[in-house]
Student: 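Shown below is the structure under consideration.
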Amino acid sequence: MTDARRLSQAISEGDGISVIVHVDGPDDARAAEEQGAEGLALVRGVPGIGETTALPVLWLGDPSEVETMESCGAHALTVWADGELDELRALQESLADDVELVLGVANEEELQTALELDVETLLLSGGEADDDQHPLERVLELLPDVPAGKLAIAGVAVDSRDEVVELERAGFDAVLVPAGHVGDLVGGTPPEV
């Protein structure tokens, strides 16, 4: 890893909900940081992206691609809690000390599995929303079962600042968003420091 940046620290500090931006390259990463993002998310390898920005990097790609994850300078790894508890524990124990494990959950059963592990951060997905249910409603439905003291990231497509505010009011600590108009979702570009 490039340094000891912690995703959990980045999303728990400050006021309001944090925005974690899906990026495909260094230009997206720089733009996201300039627009107020507090973390980056990668689904494929972008070597050296950790040196492009001071933001922590969340790896959403294949957890078995450890070398690719490391070449990107990822600070956190997402693994879905749909596996066996013993396998998840073994993976957690095998991670380097400077890599956080984020457990992804899409339903109540996966959430219960995730809570049996000592992880600080959960990624709640709207992917298993019922046919008549919006994915945003699904993550809001899962959130009350997340205990106090755990960090919750909303893994749901948001289209507006109003949806981000709704997630914030419900108690989410962060939301994953696509690259682009991040400033619109975070409420404006932060002032120059």
Side-chain angles (χ1 to χ4, degrees), residues 1-80 88 90-104 117-125 150-158 161 164 167-168 172-193:
M1 297 300 104
T2 55
D3 58 37
R5 290 176 276 180
R6 308 242 350 133
L7 179 71
S8 58
Q9 183 179 359
I11 65 175
S12 64
E13 290 178 338
D15 295 332
I17 192 168
S18 297
V19 172
I20 302 169
V21 182
H22 285 273
V23 296
D24 288 323
D27 292 340
D28 285 347
R30 281 188 286 275
E33 186 170 23
E34 289 169 4
Q35 294 178 28
E38 294 188 39
L40 305 175
L42 295 174
V43 294
R44 64 175 185 80
V46 181
I49 199 158
E51 288 115 29
T52 303
T53 174
L55 298 176
V57 176
L58 172 62
W59 179 253
L60 296 170
D62 186 337
S64 68
E65 295 180 5
V66 176
E67 287 181 22
T68 304
M69 181 186 83
E70 289 174 349
S71 75
C72 297
H75 303 92
L77 165 69
T78 302
V79 176
W80 293 94
L88 292 170
L91 174 68
Q92 182 181 27
E93 291 170 8
S94 73
L95 292 176
D97 290 339
D98 59 349
V99 177
E100 294 179 85
L101 179 62
V102 174
L103 284 177
L117 292 173
D118 185 25
V119 296
E120 187 173 5
T121 309
L122 302 171
L123 171 61
L124 305 183
S125 169
K150 300 285 184 191
L151 298 172
I153 301 170
V156 61
V158 290
R161 175 73 183 145
V164 173
L167 291 167
E168 180 179 6
F172 275 94
D173 300 286
V175 60
L176 284 171
V177 302
H181 302 288
V182 177
D184 296 339
L185 297 174
V186 298
T189 305
E192 291 292 323
V193 182

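Values reported hereafter were calculated over all heavy atoms of this structure, with side chains retained and with hydrogens, waters and symmetry mates removed.
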Student: Considering only heavy atoms from C-beta outward, does the side chain of Gln35 approach that of Val21 to under 4.5 Å?
Tutor: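 They are not in contact (no side-chain heavy atoms under 4.5 Å apart), so the answer is no.
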
Student: State whether the side chain of His75 and the backbone N or O of Arg6 hold a donor-acceptor pair below 3.5 Å, judged by distance alone.
Tutor: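 No, because the side chain of His75 does not come within donor-acceptor range (under 3.5 Å) of the backbone of Arg6.
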
Student: Would you indicate whether the side-chain heavy atoms of Val175 and Val19 approach each other to under 4.5 Å?
Tutor: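 With C-beta onward as the side chain, the pair touches.
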
Student: Nearest 0.5 Å, what's the CG-OG1 distance between Asp62 and Thr78?
Tutor: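 The CG atom of Asp62 sits 12.0 Å away from the OG1 atom of Thr78.
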
Student: Can you tell me how far the CD atom of Glu67 sits from the SG atom of Cys72, to the nearest 0.5 Å?
Tutor: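 Going from CD on Glu67 over to SG on Cys72, the span is 12.0 Å.
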
Student: Any side-chain to backbone donor/acceptor pair from Glu120 onto Ser8? Under 3.5 Å, distance only.
Tutor: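 Here the side-chain-to-backbone pair does not exist.
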
Student: Mind checking the CG-CG spacing from Leu88 to Leu101? Nearest 0.5 Å is all I need.
Tutor: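 CG of Leu101 is found 7.5 Å from CG of Leu88.
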
Student: Can you sort out the partners of Glu13 under side-chain hydrogen bond (donor to acceptor under 3.5 Å, both in side chains), two or more places apart, ordered by chain and number?
Tutor: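 So Glu13 forms a side-chain hydrogen bond (donor to acceptor under 3.5 Å, both in side chains) with Gln9.
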
Student: Donor-acceptor pair, distance only, cut-off 3.5 Å: does the side chain of Gln92 make one with the backbone of Leu117?
Tutor: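 Judged by distance alone, no pair lies under 3.5 Å.
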
Student: Could you report the tightest heavy-atom contact between Phe172 and Ala152, atom names first, then the distance?
Tutor: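 For Phe172 and Ala152, the tightest heavy-atom pair comes out as CD2-O, 3.5 Å.
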
Student: Identify which one of Leu58, Val23, Leu60 satisfies the side-chain contact (heavy atoms from CB on, under 4.5 Å) criterion when paired with Leu42.
Tutor: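 By the side-chain contact (heavy atoms from CB on, under 4.5 Å) criterion, Leu42 pairs with just one of Leu58, Val23, Leu60: Val23.
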
Student: Return a table of donor-acceptor pairs under 3.5 angstrom between the side chains of residues 25-32 and protein atoms on other chains or two or more places apart.
Tutor:
residue : atom : partner : partner atom : Å
Asp27   : OD1  : Arg30   : NH2          : 2.8
Asp28   : OD2  : Asp24   : N            : 3.1

Student: Side-chain contact test, heavy atoms from C-beta onward, threshold under 4.5 Å: evaluate it for Leu176 versus Leu123 and give yes or no.
Tutor: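 In short, these two side chains touch, coming nearer than 4.5 Å.
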
Student: Do the non-hydrogen side-chain atoms of Thr52 and Leu40 ever get within less than 4.5 Å of each other?
Tutor: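 No - every pair of side-chain heavy atoms lies 4.5 Å or more apart.
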
Student: For residues Val156 and Leu167, determine if any side-chain heavy atom of one lies less than 4.5 Å from a side-chain heavy atom of the other.
Tutor: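 Yes, close enough: below the 4.5 Å cut-off.
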
